[in-house]
Amino acid sequence: MYVGVDYYPEHWPRERWETDARLMQEAGLNVVRLAEFAWVMMEPEEGRFTFDWLDDALAVLHARGVSAILCTPTAVMPAWCARKYPETLAMQTNGQRIVWGVRKNNCFTSGAYRLLSERITRAMAEHFQHAPNVIGWQTDNEFGHPVCYCDTCRAEFQDWLRARYGTLEELNRAWGLHFWGHYVGTWGEIPLPVANESANPSALLDWQRFYSWLNVRFQRDQVRILREYFPDTFITHNFMGFFSDLNYYDLAEDLDHVSWDNYPVWGAPRVMSDAAAMGDLMRGLKGKNYWIMEETAGPGGWGSFGRNPWPGEIRLVAYQQLAHGADGQIWFRWRTCTAGREQYWHGLLGHDGKPLRRYQEAARTAGEYHALAPHLEGTTVRAEVAFIYDYESIWALRFQPGFAENNYHAALQRYYDAFFRAGINVDFVPPTADFSTYKAIIAPDLHILPDALAERLRAYVEHGGVLLTDCRTGVKDETNLCHARTLPGLLAEVLGIAIEEYESIAGDVGFTLHGRAPLAGQFTAVHYADWITPRGAETLAAFKEWHLPDAPAATRHHFGTGVGYYVGTVVKEPAFYDALIADLRITARVAPAEIALPDGVELSVRKGDGKEILFLLNHTQQEQTVSLPAGLTNLLTGQPANRSITLERFGVAVLRK
Ligand code: GAL
Ligand code: ZN
């Protein structure tokens with residue numbers, strides 16, 4: 001198992017390298033990520049390569065049993081590149097190029113930048129192909145920035161549209177350019193849409209798709225070269241969880257596995273259900289285990305810094321990801337830098353380079369990971385429930401949320417958290433996934449609903465699947481035009497409802513909802529309400545004292561041999577979602593958690609190879625006692641577990657069935 005740190009030997013005198021490598025070895029750290037910002041150190045002037053320093057650093061690390069992941073260094077262009085090829089700098093919406101001196105500032109269609117990127121990638125791959133301790137590659141760093149509005153990007157966008165739509169008639173139709181008299185008569189007339197209140201939403205959606213594709217293409221050019229020299233070495237990239245400017249399914253396609261950067265420690269300690277969800281998404285991008293390429297190691301910040309992870313928290317943050325499928329973990333960063341913008345983004349070591357508390361905690365965690373490795377081999381999270389996670393809906397909602405508070409991730413998290421509290425693992429899947437392998441599909445805010453997807457969801461329920469979806473689902477087609485149908489469109493029969501009207505609820509106004517069994521109780525509807533007419537569905541919760549008395553707000557409907565649930569509003573109380581998910585779980589025959597969980601304690605289970613490993617994670621600052629079934633082994637003590645276990649604050653237990 002690989003556990004390590006992001007390391008920048010180029011920031012420190014050579015005399016220090018040996019100390020660093022020794023301290024890593026003593027802590028059980030056996031891998032580093034190197035060189036993602038070191039282009040100019042490897043190519044100080046165009047075409048002249050200087051890899052000797054990195055050879056030496058690799059050798060020092062190798063002698064201490066530390067392996068390396070090398071990066072293509074294209075996230076920061078050398079100053080000479082900007083000077084010689086000014087067109088490589090991205091153009092902003094005001095028509096000015098970004099001033100060189102930050103990072104992620106290149107245009108992705110610039111021929112010069114693409115060639116220079118391919119050249120340094122090939123030079124590195126060729127040079128390091130026989131280095132004994134290179135075990136993997138990372139492409140670039142955190143793809144997603146910047147968007148460029150230069151003429152080359154505009155021409156490429158027009159070409160991309162021509163390939164997608166074929167004719168101008170089709171483009172004019174797909175974008176609805178009859179509106180405001182926006183018909184275009186030549187491809188050259190198509191502008192680059194700038195995201196603002198008056199831009200055409202269909203043009204914006206294609207622009208986002210195009211921008212995503214540009215990044216994927218840029219990465220693919222590098223991957224192709226790396227594979228020539230490193231056919232058996234993994235290639236990954238550091239994704240950013242719920243960052244959603246790119247279609248991450250596409251970006252993941254050319255990689256061996258996904259990695260991501262996890263920084264959940266900010267304000268007061270809290271239950272990190274969002275980090276759990278992001279881990280699940282990262283696993284879902286390729287349907288396999290992933291790595292953490294940057295894991296919280298200390299207080300972070302570029303100007304002012306946030307909270308220091310409290311004792312136990314560095315370990316808890318790491319274990320949570322292990323529990324969700326992270327098979328390799330790397331802390332960002334090894335030693336806190338004394339120079340530049342990230343002087344306050346703290347690593348395991350402080351500025352002083354001494355192996356203190358944070359280092360000790362990482363060392364303890366690494367030691368435990370190595371002992372756990374044989375038990376985890378061949379295991380992953382195997383869920384019976386999947387969330388559809390759809391980038392196109394996220395984008396469309398970003399341009400037009402419909403109701404002001406509509407936020408895709410907030411919607412998703414309302415349902416996710418109910419599963420999380422119930423101790424039930426879930427997967428994330430793209431809209432193209434095979435739904436039939438899941439007992440239930442949760443599709444919050446599935447705003448863009450192409451007919452083919454609606455048909456597949458319908459067939460899924462008809463043949464016994466359980467579908468839950470909610471407000472603003474199915475409003476748009478794949479080109480971001482509103483469907484000319486009564487909502488919920490092609491899902492009307494599945495859900496047994498008609499939504500002829502709807503409204504947004506302003507500000508902090510709330511309306512009372514009365515739930516009936518299984519949702520018995522009183523709740524508060526906020527932000528938005530569908531005006532639902534049941535067409536066969538049963539009402540689980542209804543509005544009271546409202547302009548439409550007894551109008552349904554949540555429904556359940558048997559269709560074929562399956563069931564469709566619908567929630568037509570946003571409910572303030574988490575208890576509503578807990579009750580709804582509890583009912584859905586029974587309907588879908590999803591297995592309940594094997595352990596009853598106190599508030600703030602998370603359960604995640606990895607299975608495979610005949611093994612079952614249960615992780616208990618205490619996100620609270622109090623001790624928590626949890627009752628356990630018989631027959632478990634506590635893998636951290638090596639002893640049979642008792643029928644109850646007490647977790648210290650931020651404590652963790654790993655139990656084998
Ligand atoms: C990440 C990035 C790192 C470092 C870190 C802390 O997003 O990949 O290079 O900048 O944030 O700011
Ligand atoms: Zn450009």
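In each ligand, atom 1 is the first atom listed, and ligand 1 is the first ligand listed. Below, all heavy atoms of this structure are taken into account, side chains as well, without hydrogens, waters or symmetry copies.
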Of the listed options Y263, W302, Y344, closest to atom 5 (C) of ligand 1 (non-hydrogen atoms):
Y263

Checking the N or O distance criterion of under 3.5 Å, is ligand 1 in contact with E36?
no

Can you find an N/O atom of N141 closer than 3.5 Å to an N/O atom of ligand 1?
yes

Within 45 degrees of the ring normal and closer than 6.0 Å to the centroid, is that where the cationic atom of R209 sits relative to W213?
no

So that I know where these two stand, are [X] and [Y] an aromatic pair - ring centroids less than 6.0 Å apart?
X    : Y    : value
W260 : Y248 : no
F650 : H619 : no
F128 : F230 : no

With a 4.0 Å cut-off on N to O distance, would you call R119 and E46 a salt bridge?
yes

Write out the residue and atom name of the closest protein heavy atom to [atom], then the distance separating them to 0.1 Å.
atom                    : result
atom 3 (C) of ligand 1  : E294 OE1, 3.3 Å
atom 9 (O) of ligand 1  : R103 NH1, 2.9 Å
atom 10 (O) of ligand 1 : E342 OE2, 2.3 Å

Have a look at ligand 1 and work out which part of M240, if any, has a heavy atom under 4.0 Å from it: side chain, backbone, both or neither.
neither

What do we get for K104 next to ligand 1 when only non-hydrogen atoms under 4.0 Å count, side chain, backbone, both or neither?
neither

For [X], take its heavy atoms, then give the atoms of ligand 1 lying under 4.0 Å from any of them.
X    : result
F37  : 9 (O)
D261 : 8 (O)
E142 : 1 (C), 2 (C), 7 (O), 8 (O)

Given side chains that start at C-beta, do those of R335 and H11 come closer than 4.5 Å, heavy atoms only?
no

What do you reckon, does M293 put a non-hydrogen atom under 4.0 Å from ligand 1?
no

For F51 and M124, the nearest pair of non-hydrogen atoms, with its separation, is CE2-CG, 3.7 Å

Are side-chain N/O atoms of Q222 and T74 paired as donor and acceptor at under 3.5 Å?
yes

SG (C153) - the Zn ion (ligand 2) - SG (C107) angle, nearest 10°:
100°

Identified ring-ring contact (aromatic ring centres under 6.0 Å, His included) counterpart of W207 within the set W160, Y149, W175:
Y149

